[in-house]
Amino acid sequence: MCGIFGYAGPDARPDLLLEGIKRLEYRGYDSWGLCLAARDRLATVRRVGRIGSVEPGSPSLDGAGPAGAGIAHTRWATHGAPTESNAHPHADCHGRIAVIHNGIIENHSALRATLRSSGHVFASETDTEVIPHLIEEMLKTEKEFPTAFLAALKLLVGAYGIAVLWAGTPDTVYVARHGSPIVLGVGKSATLVASDPAPLVAHTRDVIYLDDGEAAILHPDGFETRTLEGAPVSKTVQQVAFSLPDIERGGYPHFMLKEIAEQPESIRNALRGRIVRSEGTAKLGGVSEDLLRRTRRCHIVACGTAWHAGLVGKYLMENLARVPTQVTFGAEFRYAHPVLEPDTLVIAISQSGETADTLAGVREAKIMGAETIGICNVVGSTIARECGKGIYTHAGPEIGVASTKAFTSQLVVLSLLAVHLGRMRGMSLRAGLLFLDALEKLPEQAAAILDRKEEVAAVAREYAASRDVMYVGRLFEYPIALEGALKLKEISYLHAEGVQAAEMKHGPIALIDPQVPTVVLAAQAEIRDKMMSNTNEILARSGPIIAVAREGDEEMARLAHHTLFVPRTLDPLVPILAVIPLQLLAYYVAVERGCDVDKPRNLAKSVTVE
């Protein structure tokens, strides 16, 4: 959600802070702000809307430079509308403490009432504003600012990632984490902080991930890490796997198109080093063989696009490995009182590894005594560390809010896990080798689909003015119908609905008319004839058909108004290929409608609040 960037060093200035939060735009935001600490005062700028520039002569910054430290923030509104007064940073009564915050303070109303009774005056509707006032209150009894800072944190209930400036130490940034990610960057002459590594790699690739219940004090020449009780904590410096060019557009008009185009390579990266041809299986170093052999059931926990990957994973686990599998939304897992039988493996899927609801599910599963593994894209993310074991997708940084390459990489990893479990449970060597052969062909097949992207663009131009779009599929393609509809909704703001094809006649077919196109997913061999029947049912009601079909399916091409062909593969792997034209369709429709593809309204890349 909200983006945090901070810098403790001699070069703190507005343009450096703005560059930092611009690299966090993909997280989603509606307002932004920054604060510089210099000359025993804090200088703050806050704005609504997209990140702009801050002129050196801005009245808010007069007399501020040179600064020794600065913090900047992008806000995704939770408490209070997107207004300048609600934008971060927020200050105490005397303007000497500035706070930026990601998360939700659940007891903010009670704290606000208590602080008001002590004479504090509030200027916003946010939950965040209680934090600087609370620190200010603690300073009445605590002599040292770090002690007051930690004392205030102990009174907060909820989730937070926090960065704080105090005018009394203008070269220092104070940070803390509980439930919202915080990453420190260790530079040569500066120490940095951010919500994720993306804005740090322009300065350093050496990072430290704070754990829940930890705080840090950042100076230009280093940092100190502590528990909330003030005890020192030793942290290990890690190196970010990606570099600055990886998080830039590289000549593409949008990150989303770049990331769609990167899928041949991201699929290859998800497979690299994991195929064991001599045994017809996969090698998954992050998960112990003993754990997988003991597994009798799987329970997948995920949200959004990752949940759709989990639905495909259910079919994979049950078809290839004969392991009963359930899929639950992360937001429901904790509250639905799930039944986890002995030897149930809980699989958490999250691109960022920070999804709050999925993380809560992991913690609940561990309390219930279940084994957990994570399927994540971000090394060092919270879910990866909480699970302690899992499989990285190695998709590389994904900046576009609408997930594309991370999704197909999740499907590849789930396919590898399923074939590995299958070989442990009676799948023949020949069947394993056939599946691995098909997996290894996927990168080239994905590239072949991308070579025909102009065909998809032409279809998008024809249907961009539609008011509704239906997506239908069966078995392995049903989750892809859901994912295709989600992509279109996310970035073009068209109403779209994914439906299990056999369920059309139980209600949704009432929506079909000449103005409602239907995307028919028909690339699986086993149920292809059933999809032909569904297609004819839609055509009988004058519904336009956009078909996704196997190469060479001329019968479907004759029926459909438009046909997007995908290379032939095994049915369990069809989702990895079939989703690519749907990603392109959503992209080109959004471009045709003039939408902000990479930053769709109201959405955030990493959902770190419940």
Side-chain angles (χ1 to χ4, degrees), residues 270-271 273-276 279-303 306-330 332-334 336-350 353 355 358-377 383-393 409-429 431-433 435-436 439 475-476 479 572-573 575:
L271 292 169
R274 288 171 168 166
I275 288 178
V276 186
E279 299 175 17
T281 190
K283 179 176 67 176
L284 304 169
V287 186
S288 76
E289 296 288 295
D290 178 64
L291 170 60
L292 296 180
R293 290 189 186 282
R294 286 188 283 108
T295 296
R296 293 291 171 263
R297 304 181 67 86
C298 289
H299 199 129
I300 297 173
V301 181
C303 301
W307 186 76
H308 297 156
L311 291 179
V312 177
K314 170 183 167 64
Y315 289 122
L316 288 165
M317 297 300 176
E318 294 184 346
N319 278 257
L320 274 66
R322 311 305 297 160
V323 176
T325 301
Q326 184 175 348
V327 188
T328 304
F329 287 110
E332 292 191 355
F333 183 87
R334 206 168 32 148
H337 306 294
V339 176
L340 297 183
E341 297 178 1
D343 297 322
T344 294
L345 177 64
V346 174
I347 304 170
I349 308 176
S350 168
T355 310
T358 304
L359 177 58
V362 167
R363 289 170 174 165
E364 183 70 14
K366 291 171 72 174
I367 290 171
M368 297 173 71
E371 295 278 4
T372 61
I373 67 170
I375 296 178
C376 302
N377 189 36
I383 289 174
R385 286 182 286 125
E386 285 273 344
C387 291
K389 48 195 173 294
I391 312 165
Y392 286 115
T393 56
S409 294
Q410 288 164 355
L411 297 184
V412 170
V413 165
L414 286 164
S415 299
L416 290 168
L417 180 58
V419 73
H420 189 45
L421 284 167
R423 288 288 287 133
M424 288 178 168
R425 287 160 172 76
M427 175 189 278
S428 70
L429 174 62
L433 287 171
F435 192 79
L436 296 179
L439 274 171
L475 295 179
F476 287 98
L573 300 179

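Only this structure's heavy atoms are used, side chains among them; waters, hydrogens and symmetry mates stay out. Quantities reported herein were computed from a predicted structural model and do not represent experimental measurements.
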Using a 4.5 Å cut-off on heavy atoms from C-beta on, say whether the side chain of [Y] contacts that of [X].
X: V419; Y: S415; answer: no
X: T325; Y: I347; answer: no
X: L429; Y: R423; answer: yes
X: L414; Y: I349; answer: yes
X: L421; Y: L292; answer: yes
X: I275; Y: L416; answer: yes
X: L573; Y: L411; answer: no

**Report entry** Q410 (side chain) donor-acceptor with T393 (main chain) under 3.5 angstrom
**Finding:**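 No, the answer is negative, given that no donor and acceptor are paired below the 3.5 Å cut-off.
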
Please report the closest heavy-atom contact between [X] and [Y], naming both atoms and the distance.
X: P479; Y: L311; result: CG-CB, 3.6 Å
X: G374; Y: I383; result: CA-CG2, 4.5 Å
X: A321; Y: A418; result: CB-O, 3.7 Å
X: T358; Y: A348; result: CG2-CB, 3.8 Å
X: P572; Y: L320; result: CG-CD1, 4.0 Å
X: G280; Y: L436; result: C-CD1, 3.6 Å

Query - Whether Y315 and F476 hold their rings parallel, tilted or perpendicular, with breakpoints at 30° and 60° - result: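 Ring orientation of Y315 relative to F476: tilted.
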
[X] [atom1] to [Y] [atom2] distance, which is reported to the nearest 0.5 Å:
X: N319; Y: L475; atom1: CG; atom2: CG; answer: 7.5 Å
X: L316; Y: L417; atom1: CG; atom2: CG; answer: 9.0 Å
X: L291; Y: L345; atom1: CG; atom2: CG; answer: 5.5 Å
X: F333; Y: Q326; atom1: CZ; atom2: CD; answer: 8.5 Å
X: M317; Y: R322; atom1: CE; atom2: CZ; answer: 13.5 Å
X: L439; Y: L271; atom1: CG; atom2: CG; answer: 5.5 Å

Requested in this report: Taking atom types as modelled, find out whether S350 and T355 have a side-chain donor-acceptor pair closer than 3.5 angstrom.
Outcome: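 A donor-acceptor contact under 3.5 Å links the two side chains.
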
**Report entry** Among M368, E371, R297, the one residue meeting side-chain contact (heavy atoms from CB on, under 4.5 Å) with T344
**Finding:**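 Only one option passes, and that is R297.
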
Query - side-chain hydrogen bond (donor to acceptor under 3.5 Å, both in side chains) partners of R293, counting only residues at least two apart - result: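 Applying side-chain hydrogen bond (donor to acceptor under 3.5 Å, both in side chains) to R293 gives none.
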
Query - Set of residues satisfying side-chain hydrogen bond (donor to acceptor under 3.5 Å, both in side chains) with respect to E386, sequence neighbours excluded - result: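 Checked E386 against side-chain hydrogen bond (donor to acceptor under 3.5 Å, both in side chains); matches are R363.
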
**Report entry** The single option from R274, R425, E279, E289 passing side-chain hydrogen bond (donor to acceptor under 3.5 Å, both in side chains) against H420
**Finding:**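 Output: one option passes, namely E289.
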
